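Because only heavy atoms are used, hydrogens play no part in the values below, and waters and symmetry mates are left out as well, while side chains stay in. Note that the structure is a prediction, hence the values are computed from the model and not measured.
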Number of protein chains: 2
Amino acid sequence: MTDVAALAGVSAQTVSRVARDEPTVKPETAARVRVAMEQLGYTPNRAARALRYGHYGTVGMIAHRLARTGESRTVEAVVEAAQSEGYTVTLVDLASPAADDVSAAVARLSHQDIDGLIIIRAETATPDTLVLPSHLPVVVSDSRFVGHHPAVGADQVGGAEVAVAHLLRLGHRTVHHLAGPPDSIPARQREEAWRAALAEAGAVAPPAVRGDWTATSGYDAGAALAADPEVTAVFAANDEMAAGLMRALHEAGRAVPGDVSVVGFDGIELSAQLWPPLTTVAQDFGEIGRRLVDLLLRQVRDREDLADTHSVVPVRLVERASTAPPPGR
Amino acid sequence: MTDVAALAGVSAQTVSRVARDEPTVKPETAARVRVAMEQLGYTPNRAARALRYGHYGTVGMIAHRLARTGESRTVEAVVEAAQSEGYTVTLVDLASPAADDVSAAVARLSHQDIDGLIIIRAETATPDTLVLPSHLPVVVSDSRFVGHHPAVGADQVGGAEVAVAHLLRLGHRTVHHLAGPPDSIPARQREEAWRAALAEAGAVAPPAVRGDWTATSGYDAGAALAADPEVTAVFAANDEMAAGLMRALHEAGRAVPGDVSVVGFDGIELSAQLWPPLTTVAQDFGEIGRRLVDLLLRQVRDREDLADTHSVVPVRLVERASTAPPPGR
DNA sequence: CGGAGTACTGTTAACGCAAACATTTCTGGT
DNA sequence: ACCAGAAATGTTTGCGTTAACAGTACTCCG
């Protein structure tokens, strides 16, 4: 900076002003400074700026298993939204499974590193075990943290309802459920809403079959469903399990959707490429990402107290070829 | 820091020493300081440290379309490896498509922000259009940059070879190819290696059909393949297109693998859940991520000059149910 | 018991930047 | 030609940290 100042024949302060586009610099001076900057390859040092300003222009983001589900699309949306607001995104702790690790990662990060934290998925950590630096603005999409921090999430309940309603409308007597793991709150919400929707329609809810979100578990659990001739419609708690289920059905010689209709949840890219293309409840991950950033930045910049705001993003039923009226109708 | 010093009855310098685990502090003093740090919730300010040290403990990472392919798994591996080396990862510019944007993002980042840069995928940018701050250590997995920067990549050629060999060994007379877009270097490499492997085996190479990596394009291009009774084996340049192709084959009433065998490339999670489960050439994205970090940190920390090192990560043929001998054998 | 180490702790200064305040240079009105 | 006020630029200072140097208080030896 000093060199630039010398070369342009001005003070360092003026260079600083030009660097920040302050309007109080005479255009010709600014031009001269800019030439000098260019010539010397000068860029403001962000560490010094952060030190001076007391903030970092960076938000942290905790996520797990990017390859899975809509995680990656949320991450993308967050990065894009944050960038357009001039913030940089630091990705933390994708792999480590233990709750301690998450806390440790956050502590390491501390609020000496980031201005706010977005928790996409904290996996094994819970609101009790996860200790965050006080005064660090946080926003979550992991539903276990709802009520503890401002949150953004898809409309789990509405999604399950629309899935069940769709199948009942096609004429199915009832709808089976391939549920997610019991320790997952979204899984429980989808399951509860499924049960409620059946009750509402006067249908009998069969016992739920359970997987762990993976396609393999859907395949395993699907074997039981495939063997039961009573089963004509299944609402799977996510698309991966639905894929596994359909594979099990194929192997059992049961036609989809001829014998059994299947609805998934999430709307992942490949759901359209399964055989048959999967009817699914699509989440708007882009919107979730954008709202996360919005909620976080409102706390960071405007010091708003969002307390336990919970922003619910609507879902959308995407009707494809895996659903049809039950056989014999 | 001053507060901690006051509370512990020492100087700020001693607090600094304790924070950095310098061994020259008397154990009891260190203990007293640590108590004070705990009590006051003190954490060293990283901006100040970065300013002092002149480096950031951060690496930048450019990637596009995380939802696709193995991108997300590479990203995961990079983050994990970087974290275990005490580095933080900043994710940049996922969405913007224009070359200028990439350069702009990098410039914004500059080497005032990061100690090194990992380019997973720079999409439309080319070695010519992408201007990097000089002296910024870089490592790439995007093959268009091979030769310009140290690179890590999967063994495209070996992968195509093993796919073709597998199909020929099953008894197919030749192997069709569902190629990637012509502006993609890996696509061209896979295509060339496919052609070479056929020539090597004395088989006639049919014209390649072309997609753009997406499952939809595989479906569209697959229609032509499905209509041609001569086609008994297809090597698809990636798993998504293979999925689309299989859907097209199903719709055309051609059995997989009874009538047509299909091999994919990448080994994405869902390839095992397609119907039938897809035989594919799996890339080791974890290893790619780890090598990227290793190569970058060797430049950053040890100032090694890696020039145009090119580290080739082996691939592995995963035989599943989408391949079989041709009909009538 | 004096002096040379050694162990430990403190003081000063600088990293690059920008806010606050100070100073100079210009403008327009008379 | 002069002055008030605005416009443009400069100077000082401190953000939190740590390297370099400067003590001070011990320990051990002759």
Side-chain angles (χ1 to χ4, degrees), chain A residues 1-37 40-58 86 88 107-115 133 135-136, chain B residues 1-37 40-58 86 88 107-115 133 135-136:
Chain A
M1 187 160 164
T2 315
D3 296 347
V4 173
L7 181 57
V10 297
S11 74
Q13 181 59 34
T14 297
V15 175
S16 167
R17 285 194 256 257
V18 173
R20 282 171 298 121
D21 287 324
E22 259 198 25
T24 64
V25 180
K26 207 202 285 183
E28 19 182 323
T29 311
R32 217 167 60 239
V33 171
R34 261 183 264 273
V35 168
M37 292 206 261
L40 268 43
Y42 167 83
T43 330
N45 179 315
R46 292 233 333 191
R49 280 195 169 170
L51 180 59
R52 193 73 242 277
Y53 287 137
H55 64 249
Y56 302 79
T58 297
T88 269
R108 199 182 335 124
L109 228 61
S110 154
H111 56 140
Q112 303 298 1
D113 240 328
I114 54 176
D115 300 320
H135 304 307
L136 179 69
Chain B
M1 187 160 164
T2 315
D3 296 346
V4 173
L7 181 58
V10 297
S11 74
Q13 181 59 35
T14 298
V15 175
S16 167
R17 285 194 257 259
V18 173
R20 282 170 301 123
D21 287 324
E22 257 199 29
T24 65
V25 180
K26 208 201 285 184
E28 19 183 320
T29 311
R32 216 168 59 240
V33 171
R34 261 184 264 274
V35 168
M37 290 206 260
L40 268 43
Y42 166 84
T43 330
N45 180 315
R46 293 233 331 192
R49 279 194 169 172
L51 180 59
R52 196 73 245 278
Y53 289 137
H55 64 250
Y56 303 80
T58 297
T88 270
R108 201 182 333 125
L109 229 61
S110 152
H111 56 140
Q112 303 298 1
D113 238 329
I114 54 176
D115 300 318
H135 305 307
L136 179 69

Using 0.5 Å steps for rounding, measure from the CE atom of B:Met37 to the CZ atom of B:Arg32. 12.0 Å
Between C1' on D:dC15 and CG on B:Asp3, what's the gap in Å once rounded to a whole number? 14 Å
Does B:Tyr53 make a side-chain N or O approach to OP1 or OP2 of D:dT18 shorter than 4.0 Å? yes
For B:Met1 and C:dT9, give me the distance from atom CE to atom C1', rounded to whole Å. 13 Å
For residues 9-24 of chain A, pull every pair meeting salt bridge (Lys or Arg N to Asp or Glu O under 4.0 Å), keeping only residues two or more places apart or in separate chains. A:Arg20-A:Glu22, A:Asp21-A:Arg34
note: B:Asp21, atom CG; C:dC8, atom C1'; distance rounded to Å ~ 17 Å
Heavy-atom closest contact (A:Leu51 atom, B:Ala47 atom, distance): N-CB, 3.8 Å
Sugar-phosphate atoms are those with a prime plus P, OP1 and OP2; base atoms are the rest. Using that split, label each nucleotide of nucleotides 7-13 of chain D B, S or - for protein heavy atoms under 4.0 Å, 5' to 3'. -SBBB--
Trace of the side-chain contact (heavy atoms from CB on, under 4.5 Å) decision for B:Thr58 with A:Arg46: CA-CA 12 Å; B:Thr58 297; A:Arg46 292 233 333 191; over 6 Å; no
Between C1' of D:dG14 and CG of B:Leu51, the distance in whole Å: 12 Å
List the steps and the verdict of side-chain contact (heavy atoms from CB on, under 4.5 Å) for B:Ile114 and B:Leu136. CA-CA 9 Å; B:Ile114 54 176; B:Leu136 179 69; 4.2 Å; yes
Angle between the two end axes of the helix from C:dC1-D:dG30 to C:dT30-D:dA1, five base pairs per end, rounded to 10 degrees? 40°
Would you say A:Arg49 places a side-chain N or O within less than 4.0 Å of OP1 or OP2 belonging to D:dC15? no
Throw together a table of side-chain donor-acceptor distances under 3.5 angstrom for residues 2-15 of chain A, partners on residues two or more places apart or in other chains.
residue	atom	partner	partner atom	Å
A:Ser11	OG	A:Gln13	N	3.4
A:Ser11	OG	A:Thr14	N	3.4
A:Ser11	OG	A:Thr14	OG1	3.4

Side-chain N,O (A:Arg20) to OP1/OP2 (C:dA19) below 4.0 Å: yes
For the pair made of CG in A:Asn45 and C1' in C:dA18, what is the distance, rounded to whole Å? 13 Å
